[in-house]
There are 2 protein chains.
Amino acid sequence: MNREEKLTRIYEAALRVFARYGFRRTRVEDIADELGMTKGNLYLYVKDKRDLYEKAVSHGLLQWQAMVARSIEKIDDVCEQFLALCRKGYTYLSRDVSLRSVLINDPSIFPLSSREDQFAEINRASMDLLRSVLARGIREGRFREVDVDHLTELLYSIYVMFIIKTYVKSEGKSTQKMFEQGLDVVLQGLLKK
Amino acid sequence: MNREEKLTRIYEAALRVFARYGFRRTRVEDIADELGMTKGNLYLYVKDKRDLYEKAVSHGLLQWQAMVARSIEKIDDVCEQFLALCRKGYTYLSRDVSLRSVLINDPSIFPLSSREDQFAEINRASMDLLRSVLARGIREGRFREVDVDHLTELLYSIYVMFIIKTYVKSEGKSTQKMFEQGLDVVLQGLLKK
DNA sequence: GAAAAAATGAACATAATGTTCACTTCATCA
DNA sequence: TGATGAAGTGAACATTATGTTCATTTTTTC
C-alpha cells in the first residue's frame, strides 16, 4: 500500500470515528485503534488532530464532488446534464452516512459566507463544475445569456441551503418536493423559448 | 418540586446523556446542561460521576421492575401471570431506548455471576418477583413441586441471557422465536398434568 | 545485510474535566 | 419585611485524560 492509499485509508477511518463521536469527543487514539495502529504513527501523516479532521472532511467532500462529476460527464444534452448535476449533488449525502453525521455535528463546514469558508478551494471547484454546465448551455444556444458568475453563486447558495434543510435540519419530505419544484423553475428560467 | 422528584429528574436526564455518549465520553457538565443547572449543583445530589451513573442506571432498572410488577399484579390465573411476567420483562427494553443504549455500552451492568453484580439488590428483588409467582403456582396446585430457589435462579439466568442476545448482540428475530419456544417448554415443564 | 522508511510506546506538556467551596440567590415563615 | 436555611452558582483547584514528540525498534527495500 503506497502513501496515497494509506492516506485515503486514514481519512476514511477518521471520518467514521469523527462521525460517531464528534470532534471533541474523539481521541486521536480512537482513530488509531480503528486503523489498528498507534497514535504516534498517525503523526507521520498529519500535523495534529485538527489537521486530521480537516483532511478527513476534505477527503469526504472531494469524494462527493468526484462522484457528481463522474455521473454527469457523459451526458450529451445540457439540460439533462444540469438536472443530473443538481440532483446527484443534492441526494449524495443520503448515502454517505459518515460525512452526513460529521456535517450535522459541525454545520460550519458549509460556506455560510464564502469569507469564512474552511473548505473554500473545494467549494470553488464545485462551483466551477456548475459554472461550466451553465456556460455550455449558453454556448450551445440552449440557455439564455445570463450572467454566469452571479447565477453560479446564487444557484450554489440555494443548493447549499437545500442540503442544510434536508440533512442538518432533517426537514426531509417536503423539502425534497420544494427542491424538485425549484429545479423545474430554474431550468425553465434558464431555457431559451 | 421536592427532593424526590428532583432526583428522579436528575437520574433520567443523566441516563439520557450517558446513553448518548457512554460513561467515559460524557462530562458531568453535559448532564448539568441537559438539566439547565451548573455541575457544582449536581454534587448536592450525588457523590461523584460514578455515583451518578450508578444511581441513574439503578433508577432505570427499578422503572423496568416496577412496570413488570404492575402489569402482572392483577392477573388471576397463575399461568397467565407467569407468561406475562416473562414476556413483559423480556420486551421492556425495546421501548426504553436510553436504558438499552446504556446497557449496550456497558454490558457489565448485567449479572454474569451474582458475585460481581453491581446491582445485586435490584436483581434480587426481580428474582423475588419471579420466585413468588412460582411459589404461588405450586401453592395453588397448578405447578409441580419443584425446587423454587434453584429454578428461580435458573430461569432468571436464562432470562438475562435472552435479553443480552436480543438487545446487546441484536440477534433479534430468531431470538424472539427461541424465547417463545423456550417459554412454552418451561411452562409445560412446570404444569401438573 | 546495510540503509531507509514505517511504526512503536513511553515520556512530556497541556488542556479538559471532576470536585470543592466561599459566596449569592431564592424560598420560607415568623 | 427581613431573618434563616436551603438551593444554586461559578471560580479555583487537583487530577486525569489526551495531544504531541521522539528515541528506539521493526519492517521494507534494494
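The chains referred to below are lettered A, B, ... by the order of the sequence lines, with proteins before strands, and numbering in each begins at 1.
Comparing B:V28 and A:K6, the nucleotide of DNA chain C nearest to each residue sits closer to the 5' end for A:K6. The residue among A:R24 and A:N41 whose nearest nucleotide of DNA chain D lies closer to the 5′ end is A:R24.
Just one residue in the list A:K47, A:K55, A:K49 forms a salt bridge (charged side-chain N to carboxylate O under 4.0 Å, His left out) with A:D51, and that residue is A:K55.
Between A:Y43 and D:dT21, a side-chain N or O to OP1/OP2 separation shorter than 4.0 Å is absent.
The interatomic distance linking B:L35 (CG) with D:dA7 (P) rounds to 16 Å, in whole Å. Distance, B:L7 CG to D:dA6 P: 16 Å, rounded to whole Å. With rounding to whole Å, A:I31 atom CD1 is found 12 Å from D:dG19 atom C1'. Between the CZ atom of A:R27 and the P atom of D:dT20 there is a distance of 14 Å, rounded to whole Å. Atom-to-atom, CD of A:E29 to P of D:dG19 comes out at 9 Å; the value is rounded to the nearest Å. Between the C1' atom of D:dT21 and the OH atom of A:Y45 lies a distance of 17 Å, rounded to the nearest Å. Nucleotide D:dA6 holds its C1' atom 14 Å from the CE atom of B:M37, rounded to whole Å. Rounding to whole angstrom units, CG of residue B:N2 and P of C:dA27 are separated by 16 Å.
Evaluation of atom-type donor-acceptor distances gives no pair under 3.5 Å for the side chain of A:K39 against the base of C:dG9.
Judged by distance alone, the side chain of A:E116 and the main-chain N or O of A:S108 form no donor-acceptor pair under 3.5 Å. Remark: side-chain polar atoms of A:R142 are not paired, donor with acceptor, to backbone N or O of A:G137 under 3.5 angstrom.
Both cation-pi conditions hold for B:R50 and B:F23: the charged atom is under 6.0 angstrom from the six-membered ring centre and inside a 45 degree cone around its axis.
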